[in-house]
Amino acid sequence: MKKIAVIVGSTRQGSWNRRVAQDLVSMLPEGFDAEFLSLQDLPFYDQEWDTPETIPAAVAELRSKADAADGFIILTPEYNRSMPAVLKNALDILSRPFGAKKMSGKPTLVASATPGAFGGFGASRDLRNVLAFLDAQVIGQPEVYLSFVHTLYADGELNEDTAKFLRSVVAKFVDAFPPQAK
């Protein structure tokens, strides 16, 4: 069983990115188990946590779950042409202490969704830049920028064209795992 850590860069109850993440998770094939990692109670990163005796429980839990993950699905809204602070903070926490390899070499699907016209391109660009430094194996194509995300759902269901596209994205993500790992 492959463990997939799902990180949503929004803590809003009605988050469109959480909804898209849930749809992506529902498209994972048998043999993949996804767990949403909570960013709700994370304090801002502090270098004092680089020693084990000073780590807050929420930070230790996030790091432990990321260590155990075989891959990541990360969704981000866009705030001021970049990723939200809560997501950047989580990535900073996962990158420490210096040299931590929690995401290194692990397949990582990145997507962004916004009610605006650019689909979160700026946030996704910045997120991909940070993930490259963390040595995550980011799925390069297809890129996922969901513009006007609120129009992609009718009666609570994702429209078929978008669902078809997202299934192709999930297939590419699954293909990033070594054959024996699938």
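If you read the sequence from its start, that first residue is 1, and numbering goes on from there.
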_If you count every heavy atom of other residues, nucleotides or ligands that lies below 6.0 Å from E53 atom CD, does the total exceed 12?_
yes
*asked:* Counting C-beta onward and ignoring hydrogens, is there a side-chain heavy-atom pair between L94 and R63 closer than 4.5 Å?
replied: yes
*Do L127 and I74 have side chains that get closer than 4.5 Å, going by heavy atoms?*
yes
*Side-chain donor/acceptor of T54 to backbone N/O of E48, under 3.5 Å*: yes
_ILVMFWY network linking V130 to V144, side-chain heavy atoms under 4.5 angstrom_ = no
_For a quick check under 3.5 Å, do N159 and T162 share a side-chain donor-acceptor pair by atom type?_
yes
*Full working for side-chain contact (heavy atoms from CB on, under 4.5 Å) between Q22 and F36*: CA-CA 9 Å; Q22 290 166 335; F36 282 75; 3.8 Å; yes
_Residue pair A5 / A69: nearest heavy atoms and the distance that separates them_ = CB-CB, 3.7 Å
*Any link between I139 and V25 through a network of hydrophobic side chains (Ile, Leu, Val, Met, Phe, Trp, Tyr) touching at under 4.5 Å?*
yes
*Could you list the residues that satisfy ring pair (Phe, Tyr, Trp, His ring centres under 6.0 Å) with Y153, not counting sequence neighbours?*
W16
*asked:* For a 4.5 angstrom cut-off between non-hydrogen side-chain atoms, does D92 reach F44?
replied: no
_Tell me every residue that passes side chain to side chain contact (heavy atoms under 4.5 Å, CB included) with E61, counting only those two or more places apart in sequence or in another chain._
K65
*Supply the atom-to-atom distance R96 CZ to D46 CG, rounded to the nearest 0.5 angstrom.*
11.5 Å
*If we only count heavy atoms from C-beta on, is the P84 to P77 side-chain gap below 4.5 Å?*
yes
*Rounded to the nearest 0.5 Å, how far apart are CG of D135 and NZ of K106?*
11.5 Å
*asked:* If you apply the rule salt bridge (Lys or Arg N to Asp or Glu O under 4.0 Å), what do you find for D70 with K3, and how did you get there?
replied: CA-CA 5 Å; D70 298 303; K3 292 183 180 181; over 6 Å; no
*Over all heavy atoms of both residues, which pair between P43 and P56 is shortest? Give the atoms and the distance, please.*
CG-CG, 4.2 Å
*Check the hydrophobic clustering (I, L, V, M, F, W, Y; side-chain heavy atoms under 4.5 Å; chains of links allowed) and say if I73 and L39 are grouped together.*
no
_According to a hydrophobic-cluster definition based on side-chain heavy atoms being under 4.5 Å apart (Ile, Leu, Val, Met, Phe, Trp, Tyr only), do L75 and F165 belong together?_
yes
*Kindly compute the distance separating CG (D23) from CZ (R167), expressed to the nearest 0.5 Å.*
10.5 Å
*Output, in order, the C-alpha distance, side-chain angles, deciding distance and verdict of side-chain contact (heavy atoms from CB on, under 4.5 Å) for S147 and F118.*
CA-CA 6 Å; S147 302; F118 296 113; 5.6 Å; no
_L91 CG to M83 CE distance, which is reported to the nearest 0.5 Å_ = 6.0 Å
_Closest heavy-atom pair and its distance - I55, W49_ = CG1-O, 3.3 Å
*Rounded to the nearest 0.5 Å, how far apart are CZ of F98 and CD of Q47?*
11.5 Å
*Answer whether the closest heavy-atom distance between the side chains of F148 and P115 falls below 4.5 Å.*
no
_Any non-hydrogen side-chain atom of L42 less than 4.5 Å from a side-chain atom of V86?_
no
_Check: N17/S10 side-chain N/O donor and acceptor closer than 3.5 Å_ = no
*Would you call the rings of F32 and F173 parallel, tilted or perpendicular if under 30° counts as parallel and over 60° as perpendicular?*
tilted
*Among the clusters formed by ILVMFWY side chains lying less than 4.5 Å apart, do M27 and V110 turn up in the same one?*
no
_If I compare all heavy atoms of M103 with all of L131, which pair ends up nearest, and what's the gap?_
CE-CD2, 3.5 Å
*Give the minimum heavy-atom separation between L62 and S38, together with the two atoms involved.*
CD1-O, 4.5 Å
*Within a strict 4.5 Å, meaning less than it, do heavy atoms of the V20 and L166 side chains meet?*
yes
*Carefully, step by step, assess F121 and E143 under the rule side-chain contact (heavy atoms from CB on, under 4.5 Å).*
CA-CA 9 Å; F121 172 81; E143 294 178 308; 5.6 Å; no
_Spatial distance of atom OG (S82) from atom CZ (R125) [nearest 0.5 Å]_ = 7.0 Å
_Is there a side-chain contact (heavy atoms from CB on, under 4.5 Å) between Y45 and D50? Walk through the geometry before answering._
CA-CA 10 Å; Y45 171 72; D50 289 354; 3.1 Å; yes
*Indicate the atoms forming the closest heavy-atom contact of V169 with P142, along with that distance.*
CG2-CG, 3.5 Å
*asked:* Between T114 and L146, is there a side-chain heavy-atom distance shorter than 4.5 Å?
replied: no
